[in-house]
Amino acid sequence: MKMMLEGRKVRLQLGNVSKDERGDKRRTPLFGEEGGKHPLARYVDHNETYGPHIVEQFLSKLEDLGTVVDLGAGLGRDLAIVKQIHPQVRTSALEAGSQFAAELAGKADEVHVLDIERTIFPFPDESIDLFIANQVLEHTKEIFWIFHEVTRCLRIGGSFLFGVPNIASLHNRLLLLFGAHPTQHKLCSAHVRPFSKADTLKFLEVCFPHGYQLENFGGSQFYPFPAAIARVLARLFPTAAFSIFFLFRKSRRYKNEFATYPSRARLATNFWSGNVEIEDKWQCY
């Protein structure tokens, strides 16, 4: 840290942050802080990444919704779509930080501030009709615990709608072909877990055999094209789109299969499983 006198101003420098006596801040974002920049970014409509039209399409096909929970609800964009199509539902939002929780006041019937990777969700078993997680799961390590809690809370016949960046998108395939790293999953970024359609289906079937049925699948955003072209390409080639969206239906009773899978499969990583116990530690399907 270094003090500098510049005329009548005193400036405090710490790393790349500077602040003068008037309280003004001037800061250069770090690499990866804003998701990365590229020469073609100006042509991309980043709202397409969240696929609001896909979310609306999936929600319009669901019936008899009474309770909806949004994991990482952000500013309440998807909850607003839920209320527009299903105005009678009771909505809950789970958020990790109080900043977004404050923004959600009035947009959700109840807001819970908690860590979805290590906390038991505040809902009884088989009590929720729909969970939503849009551009959230790629930020998490404890995928087994999250799916454990979602599946525990979902009623049989309930749905899980989630959207994630697609590691197998067309532009990532081309980057890898030339030895370049995929854009959505750099070491210096907030994304820690990659997804593709095939691997997601495999994950669910291996961990919870015959427990989820894929009801709908779609793609949104087609890098690096503007929205009008991106929507057409994503509709024609969803598995090559920037973001992919799944709508799964829970089809059988849950018996802690997600939480116990890391131990049963002897995964050489410490995954969080709470207090869930396994009758036979090395039992495998």
Side-chain angles (χ1 to χ4, degrees), residues 31-32 34-62 71-72 74 77-78 81 131-141 143 146-147 150 159-208 212-249:
F31 175 78
E34 296 183 343
K37 295 296 184 181
H38 55 86
L40 299 176
R42 70 187 69 179
Y43 303 111
V44 176
D45 181 352
H46 293 285
N47 188 55
E48 290 293 297
T49 301
Y50 296 88
H53 58 295
I54 300 294
V55 173
E56 182 176 352
Q57 174 190 333
F58 287 6
L59 288 173
S60 65
K61 296 182 179 180
L62 297 177
L71 306 180
R77 175 195 56 253
D78 293 329
I81 299 176
F131 274 92
I132 299 174
N134 193 351
Q135 311 304 314
V136 170
L137 299 178
E138 69 275 12
H139 294 268
T140 64
K141 174 204 169 189
I143 197 73
I146 294 170
F147 270 82
V150 167
S159 301
F160 189 14
L161 190 168
F162 60 90
V164 287
N166 179 19
I167 194 70
S169 63
L170 179 61
H171 82 282
N172 281 336
R173 299 183 200 186
L174 294 174
L175 287 171
L176 285 167
L177 181 64
F178 292 98
H181 198 87
T183 62
Q184 295 109 314
H185 297 282
K186 298 180 182 299
L187 288 177
C188 281
S189 76
H191 295 180
V192 300
R193 185 173 288 279
F195 290 82
S196 68
K197 181 182 181 182
D199 194 58
T200 301
L201 295 176
K202 184 69 173 179
F203 165 73
L204 290 172
E205 186 56 29
V206 166
C207 294
F208 187 34
Y212 278 109
Q213 302 298 319
L214 181 63
E215 297 286 292
N216 219 326
F217 174 79
S220 183
Q221 185 70 283
F222 215 93
Y223 192 85
F225 299 99
I229 300 175
R231 285 204 178 187
V232 174
L233 292 174
R235 185 173 65 251
L236 294 173
F237 310 105
T239 57
F242 185 97
S243 296
I244 47 178
F245 294 82
F246 302 84
L247 180 64
F248 285 100
R249 179 174 57 84

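From a predicted model like this one, the values you see are computed outputs, not experimental measurements. Position 1 is the first residue of the sequence, and the numbers go up from there.
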For the pair [X] (side chain) and [Y] (backbone), establish whether a donor and an acceptor sit closer than 3.5 Å, ignoring hydrogens and angles.
X	Y	result
Glu48	His46	no
Ser243	Thr49	yes
Asn166	Ala241	yes
His191	Gln184	yes

[X] side, atom [atom1]; [Y] side, atom [atom2] - distance, nearest 0.5 Å:
X	Y	atom1	atom2	answer
Arg235	His53	CZ	NE2	8.5 Å
Asn134	Arg77	CG	CZ	5.0 Å
Ile244	Thr239	CD1	OG1	8.5 Å
Ile167	Asp199	CD1	CG	10.5 Å
Phe160	Leu204	CZ	CG	9.0 Å
Leu71	Ile132	CG	CD1	9.0 Å

Counting only heavy atoms not in [X] (residues, nucleotides, ligands), do more than 12 fall under 6.0 Å from its [atom1]?
X	atom1	answer
Tyr50	OH	no
Leu187	CG	no
Lys141	NZ	yes

(message) Please tell me whether Phe195 and Phe203 form a close aromatic pair, meaning their ring centres lie under 6.0 Å apart.
(response) no

Minimum heavy-atom separation for [X] to [Y], with atom names?
X	Y	value
Thr140	Arg193	O-NE, 3.5 Å
Asn47	Pro52	O-CD, 3.4 Å
Ser220	Gly51	OG-CA, 3.4 Å

(request) For the residue pair Thr183 and Asn172, establish whether any side-chain heavy-atom pair is separated by less than 4.5 Å. (result) yes

(message) In the structure I gave you, are the side-chain heavy atoms of Glu215 and Leu62 within less than 4.5 Å of one another anywhere?
(response)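 A side-chain contact under 4.5 Å is absent here.
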
(message) Between Ser169 and His171, is there a side-chain donor-acceptor contact under 3.5 Å, judged purely by atom types and distance?
(response)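 There is such a pair (donor and acceptor under 3.5 Å, judged by atom type) between the side chains of His171 and Ser169.
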
(request) Look at the aromatic rings of Phe248 and Phe246 and report parallel, tilted or perpendicular, splitting at 30° and 60°. (result) parallel

(message) Exactly one of Phe162, Phe58, Phe217 should register a side-chain contact (heavy atoms from CB on, under 4.5 Å) with Phe245. Which one does?
(response) Phe58

